[in-house]
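See structure below.
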Amino acid sequence: MKISPGQVAVVTGGASGIGYGLAVGLGSRGMKIVLADIRQAGLAEATTALTALGVDAVAVVTDVSDPESVAHLADSTIDHFGRVDLVCNNAGVVGAQAPLWEQELETWQWLINIKLMGVVHGVTTFAPLLLEQGTGHILNTASAGGLMPLPTMTPYNATMHAVIGLTETLNIELRAAAPGVGASVLCPGRVATGLGTNSQALEPSAGAAATGNPQDLAGSVLDPAELAELTVAGIEADTVHIVAGAGVSTGARARIDSLLRDLDLEM
C-alpha cells in the first residue's frame, strides 16, 4: 500500500509509545489520523500534540476488548472522514512476569482480551470496509516475542505468536478477496515506551511494572519515531512481517533453526 496525503489511518493504543509514533509518522505524510485509546486523558493530550504538528486528527476513546466499542470507533471514523485506508491494531498491554505455572488466570484473560481479541475485533470491524472499497491495509502490532520464546512472559508470548499467525493467514484471505487489500504484522524488539507502567496502572493485579519488551535482546532500544519510519517502509513494500530491533533476527533464526533440526528428526 502506498501511503498518500488525504488517506485516513486508525491507530489504536495511540495515546503513547508505538501508537503515537505511528500517528506522527503517518500524519507527517499527510494522512488524517483517528487516534484511539482507552486512556481518555492521555488520548486528549496526544491528539492535542498531534494537531499542533499540523496533523488532521480526531480522538475516539476505545476499549479494543469490547467489540461494540470498536464498532463505535469505525462509525466515528466514517462519520468524520468518510473512509478508512489503514487500520493499525496496536493497542497492547503486558502482564506480570512469572513461570507459566505461576501465572494467574486473570493475567491470561486480560492479555487475550486486549492483545488477541482486540486485533480480532479490529479486523472483523474494519476489514469489510476495506474490502468494499477494494483498497487498504491492516497493520497488527505483535512483538519480537511472537518470533521466539520469552521465559517468564508466557501469556504475552502466546498472544504475540497468535497475532503473527493470525496476520499471516489474514493477508492471504484479504488478497484473495481483493488484491488491493493486505495485512502486515509489526514485530519490534525493545522499544522506548511506557508499556509496563501503563499496563500496571490499568490493571494493578495483572499488569507488569517493568517494560514489556523482550529483555534478553541485546543492543540499543528503538525510538518509536524510528520504528514508525521502518513500519511505513514495510507497509509500502507490502511486507507481511515487519521485523525491527537489535537481536530480533538472531532470536528468530535460533527458533527457526531449532524447528528445522526437529523436522530433520521426523519419522
Side-chain angles (χ1 to χ4, degrees), residues 1-3 7-14 18-19 22-23 26 31 34 36 62-75 77-78 83-93 111-148 155-188 227-228 230-244 248 252 255-256 259:
M1 172 184 168
K2 177 66 177 177
I3 304 297
Q7 292 176 328
V8 178
V10 174
V11 183
T12 67
I18 293 174
L22 286 171
L26 296 168
M31 292 194 85
V34 180
T62 305
D63 177 359
V64 298
S65 70
D66 179 2
E68 292 186 1
S69 184
V70 178
H72 171 67
L73 172 61
D75 290 342
T77 299
I78 300 304
R83 65 180 292 117
V84 60
D85 299 280
L86 175 62
V87 180
C88 302
N89 293 311
N90 171 77
V93 292
L111 265 70
I112 289 169
N113 288 345
I114 296 171
K115 277 308 303 172
L116 177 55
M117 294 311 298
V119 171
V120 172
H121 296 152
V123 172
T124 56
T125 300
F126 283 96
L129 301 177
L130 300 180
L131 291 171
E132 182 179 359
Q133 70 188 23
T135 59
H137 203 80
I138 294 175
L139 174 73
N140 297 326
T141 298
S143 164
L147 299 171
M148 64 189 76
Y156 179 82
N157 194 202
T159 57
M160 296 299 89
H161 277 268
V163 170
I164 290 175
L166 176 159
T167 308
E168 291 168 342
T169 300
L170 173 65
N171 180 63
I172 296 170
E173 294 173 336
L174 289 173
R175 295 197 181 278
V181 183
S184 299
V185 59
L186 177 59
C187 306
L227 178 60
L230 296 172
T231 303
V232 170
I235 292 171
E236 293 198 316
D238 285 330
T239 304
V240 178
H241 306 87
I242 303 174
V243 181
V248 178
R255 176 175 178 267
I256 293 170
L259 172 60

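The chain is numbered in sequence order, starting from 1.
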Closest approach of Gly19 to Val11 (non-hydrogen atoms, all atoms of both residues): O-CG1, 3.4 Å
Min side-chain heavy-atom separation Ile235-Ile242 under 4.5 Å: yes
Spacing of His72 atom NE2 and Thr77 atom OG1 [to the nearest 0.5 Å]: 9.0 Å
Between CD1 on residue Ile164 and CG on residue Leu186, distance to nearest 0.5 Å: 9.5 Å
Under 3.5 Å: donor-acceptor pair, side chain of Asn157, backbone of Met148: yes
Identify all side-chain donor-acceptor contacts of residues 126-136 below 3.5 Å with residues at least two apart in sequence or on another chain.
unit_1	atom_1	unit_2	atom_2	d
Gln133	NE2	Val84	O	2.7
Gln133	NE2	Thr135	O	3.0

Flag side-chain contact, heavy atom, 4.5 Å: Leu73 against Thr12: yes
Under 3.5 Å: donor-acceptor pair, side chain of Lys115, backbone of Ala142: no
Flag, side chain of Gln7 to backbone of Leu26, donor-acceptor distance under 3.5 Å: no
With sequence neighbours excluded, residues passing side chain to side chain donor-acceptor pair (under 3.5 Å) with Glu168: His241
side-chain contact (heavy atoms from CB on, under 4.5 Å) between Cys88 and Thr231, intermediate numbers included: CA-CA 11 Å; Cys88 302; Thr231 303; over 6 Å; no
Straight-line distance of Leu170 CG to Arg175 CZ, nearest 0.5 Å: 10.0 Å
Residues in side chain to side chain donor-acceptor pair (under 3.5 Å) contact with His137, at least two apart in sequence or another chain: Ser184
Donor-acceptor under 3.5 Å (Thr159 side chain, Tyr156 main chain): yes
Minimum heavy-atom distance between Asn89 and Gly118, given as atom pair plus value: OD1-O, 4.4 Å
Nearest heavy-atom neighbours spanning Ala244 and Leu230: CB-CD1, 3.8 Å
For the student: nearest non-hydrogen atoms of Gly92 and Ile114, plus distance: CA-CG2, 4.2 Å
Heavy-atom check, side chain of Met31 versus side chain of Ile3, under 4.5 Å: yes
Check: Asn140 and Val123 side chains under 4.5 Å, non-hydrogen atoms: yes
Trace of the side-chain contact (heavy atoms from CB on, under 4.5 Å) decision for Asp85 with Met1: CA-CA 9 Å; Asp85 299 280; Met1 172 184 168; 3.8 Å; yes
Residue pair Leu116, Leu111: steps toward the side-chain contact (heavy atoms from CB on, under 4.5 Å) verdict: CA-CA 7 Å; Leu116 177 55; Leu111 265 70; over 6 Å; no
Check: His121 main-chain N/O paired with Thr124 side-chain donor or acceptor under 3.5 Å: yes
Heavy-atom pair of closest approach, residues Ala183 and Thr167: CB-CG2, 3.9 Å
pair Val185-Val163: side-chain heavy atoms closer than 4.5 Å: yes
Working for side-chain contact (heavy atoms from CB on, under 4.5 Å), residues Leu227 and Ile18: CA-CA 8 Å; Leu227 178 60; Ile18 293 174; 3.8 Å; yes
